[in-house]
Amino acid sequence: MTEIEIGRAKRGRRAYAFDDIAIVPSRRTRDPEEVSTAWQIDAYRFDLPILAAPMDSVMSPETAIAFGGHGGLGVLNLEGLWTRYDDPTDLLTEVAGLTGPDAVRRMQEIYAQPIRAELITERIRQVRDAGVTVAGSLSPQRTKEFAKTVVDAGVDMFVIRGTTVSAEHVSSNAEPLNLKEFIYELDVPVVVGGCATHQAALHLMRTGAAGVLVGFGGGAAHTTRTVLGVAVPMASAVADVAAARRDYMDESGGRYVHVIADGSIGRSGDIAKAIACGADAVMIGSPLARATDAPGRGFHWGDEAHHPELPRGQRVEFGTVGTLEEILFGPSVVADGTMNIVGALKRAMATTGYTDVKEFQRIEVVVS
């Protein structure tokens with residue numbers, strides 16, 4: 001790929017965000033009712049190619065159950081308030097009402113409460129008893145400590161999610177998590193990320209992961225780009241990781257690893273563009289944070305916002321626009337892509353003549 005000169009000592013390649021590209025209509029159109037958005041990973045099939053991000057402002061056990069009932073996969077944050085407190089309802093209300101310079105400090109205090117293994121078991125059991133697919137997320141730093149608890153509790157899908165996750169973490173202070181050995185020993189499919197380059201994704205695929213999360217530093221509630229200077233525009237990142245999926249299929253004799261876009265997906269058009277760039281599904285937070293029944297009460301934040309040493313996120317106020325069901329399926333009362341996001345995806349696919357998600361990955365895009 002052609003590089004450009006940044007200065008005499010540094011060259012780089014041009015990368016593109018979702019806002020930089022547009023989907024090109026094809027010669028054929030269809031009715032939206034004839035389009036399927038179904039997606040399958042491992043043995044689990046979903047009506048929607050959408051995972052709800054493991055963020056306390058978006059997913060509680062109740063919203064995970066509701067999201068699963070609508071055909072998506074809700075991922076619980078197993079390091080969040082629901083596994084630190086018996087009933088964090090009042091604390092969620094307090095976080096939503098924080099103001100001023102002490103907001104980050106108070107969030108750090110709230111999240112300093114230890115994670116309790118028995119609460120991990122209870123939350124997973126609660127979702128499982130509702131009859132929907134159960135997914136839980138841990139950071140790479142906590143995975144060894146709580147993995148057995150999570151699997152024994154009956155999780156269906158294990159998510160290892162961090163700002164950036166590599167298959168070759170190096171540490172002189174402690175033995176790092178060996179992803180390949182860890183995934184091999186588990187009896188449940190593992191989704192791992194984030195990553196944003198062809199090489200990093202290829203290494204994660206070689207660990208045996210069922211899916212990789214693409215993206216870091218690009219979420220609406222993250223300030224990683226500002227604090228660390230780390231970010232990759234998402235259209236290019238997804239396309240690069242999709243290329244790694246293709247190369248890994250050739251290398252492995254046909255094993256398919258799912259690519260899940262996770263970051264910079266704030267509106268329905270971003271979902272369509274992510275799939276057009278090669279994603280099999282998307283993980284979203286901010287669109288769901290706008291639900292009147294979301295735990296964040298119109299506010300949105302991630303784990304980075306309360307990091308004890310170097311916060312790389314912020315608590316963002318989005319307000320609310322409708323119920324979770326209305327955000328997913330409408331009817332929409334706004335014209336900005338924040339409601340009826342599934343209907344918008346179906347219409348984008350129908351307008352370009354494609355009937356399913358795998359076909360839609362082949363749509364032409366242009367740099368706008």
Side-chain angles (χ1 to χ4, degrees), residues 40-44 51 53-55 59 73-80 83 114-121 123-125 127-128 133-216 241 244-245 247-249 251-260 262 280-281 283 302-304 307:
Q40 181 163 336
I41 179 170
D42 204 81
Y44 302 100
L51 294 80
M55 305 169 85
M59 283 289 102
L73 177 62
V75 184
L76 279 177
N77 177 13
L78 300 180
E79 299 177 36
T83 58
I115 299 167
R116 293 159 52 187
E118 69 273 16
L119 284 179
I120 291 178
T121 300
R123 303 314 182 198
I124 291 174
R125 182 202 60 77
V127 179
R128 172 169 287 282
T133 304
V134 187
S137 174
L138 290 173
S139 65
Q141 295 81 6
R142 298 277 194 174
T143 294
K144 272 189 175 182
E145 182 180 359
F146 293 111
K148 188 177 187 304
T149 299
V150 173
V151 174
D152 288 349
V155 75
D156 294 312
M157 198 170 302
F158 198 117
V159 178
I160 303 174
R161 184 176 188 253
T163 301
T164 178
V165 177
S166 75
E168 299 181 7
H169 181 71
V170 178
S171 173
S172 58
N173 298 319
E175 184 179 351
L177 174 68
N178 186 317
L179 273 175
K180 190 169 187 176
E181 289 183 5
F182 176 79
I183 292 173
Y184 179 79
E185 292 172 358
L186 285 186
D187 293 327
V188 298
V190 176
V191 174
V192 60
C195 67
T197 66
H198 177 279
Q199 184 179 34
L202 190 58
H203 284 207
L204 288 179
M205 291 173 184
R206 288 170 179 161
T207 66
V212 294
L213 300 171
V214 184
F216 51 81
V241 176
R245 175 186 59 204
D247 293 344
Y248 180 68
M249 284 185 68
E251 174 186 303
S252 64
R255 183 174 182 271
Y256 190 92
V257 179
H258 291 81
V259 173
I260 303 165
D262 178 18
D280 298 288
M283 176 176 278
D303 286 344
E304 297 84 356
H307 191 281

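Nothing here was measured: the structure is a model prediction, and the numbers come from that model. When a residue number appears, it is its place in the shown sequence, counting from 1.
- Heavy-atom minimum distance, P189 versus Y44: CG-CE1, 4.0 Å.
- Counting heavy atoms from C-beta outward, L213 and V192 have side chains that stay 4.5 Å or more apart.
- Shortest non-hydrogen contact noted between V75 and V159 is CG1-CG2, 4.0 Å.
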### Message
Checking M205 against R245 for the side-chain contact (heavy atoms from CB on, under 4.5 Å) test, could you report, in this order, the C-alpha distance in whole Å, the side-chain angles of both residues, the deciding distance, and whether it holds?
### Response
CA-CA 8 Å; M205 291 173 184; R245 175 186 59 204; 3.8 Å; yes

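- For Q199, the CD atom sits in a loose shell: 12 or fewer heavy atoms of surrounding residues, nucleotides or ligands are nearer than 6.0 Å.
- Using a 4.5 Å heavy-atom threshold, the side chains of I160 and P140 count as touching.
- When all heavy atoms of D247 and H198 are compared, the closest pair comes out as OD2-NE2, 2.7 Å.
- Aromatic pair F158/F182: centroids less than 6.0 angstrom apart.
- The line from CG of D152 to CD1 of I120 is 11.5 Å long, rounded to the nearest 0.5 Å.
- Side chain of E79 to backbone of R142: no donor-acceptor contact under 3.5 angstrom is found.
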### Message
Test side-chain contact (heavy atoms from CB on, under 4.5 Å) on I41 and D280; report intermediate values, then the result.
### Response
CA-CA 9 Å; I41 179 170; D280 298 288; over 6 Å; no

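- Rounding to the nearest 0.5 Å gives a distance of 8.5 Å between OG1 of T207 and NZ of K180.
- Summarising the geometry, atom CG belonging to D42 is positioned 14.0 Å from atom OH belonging to Y256; distances are rounded to the nearest 0.5 Å.
- Between M59 and N77 the shortest side-chain heavy-atom distance does not fall below 4.5 Å.
- Other residues, nucleotides and ligands place no more than 12 heavy atoms under 6.0 Å from the OH atom of Y184.
- With hydrogens and angles disregarded, no donor-acceptor distance shorter than 3.5 Å links the side chain of R161 to the backbone of L138.
- Here the CZ atom belonging to R125 is positioned 13.5 Å from the CD atom belonging to E118, to the nearest 0.5 angstrom.
- The shortest distance between side-chain heavy atoms of D156 and R128 falls below 4.5 Å.
- Separation of atoms CG (L204) and CD1 (I183) is listed at 8.0 Å; rounding is to 0.5 Å.
- Scanning all heavy atoms of the two residues, the minimum distance from L51 to A281 falls at CD1-CB, 4.0 Å.
- Closest approach of G136 and L78 over heavy atoms only: CA-CD1, 3.8 Å.
- With contacts defined as side-chain heavy-atom distances shorter than 4.5 Å, the pair T83/R116 does not qualify.
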#### Entry: Stepwise side-chain contact (heavy atoms from CB on, under 4.5 Å) test for D187 and V151
CA-CA 8 Å; D187 293 327; V151 174; 5.7 Å; no

### Message
Assess the residue pair C195 and V241 against the criterion (side-chain contact (heavy atoms from CB on, under 4.5 Å)); give the C-alpha distance rounded to whole Å, side-chain angles, the decisive distance to 0.1 Å, and a yes or no.
### Response
CA-CA 8 Å; C195 67; V241 176; 4.2 Å; yes

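- Between T133 atom OG1 and L73 atom CG the span is 6.5 Å, to the nearest 0.5 Å.
- Across all their heavy atoms, M283 and I260 have their closest contact at N-CG2, 3.8 Å.
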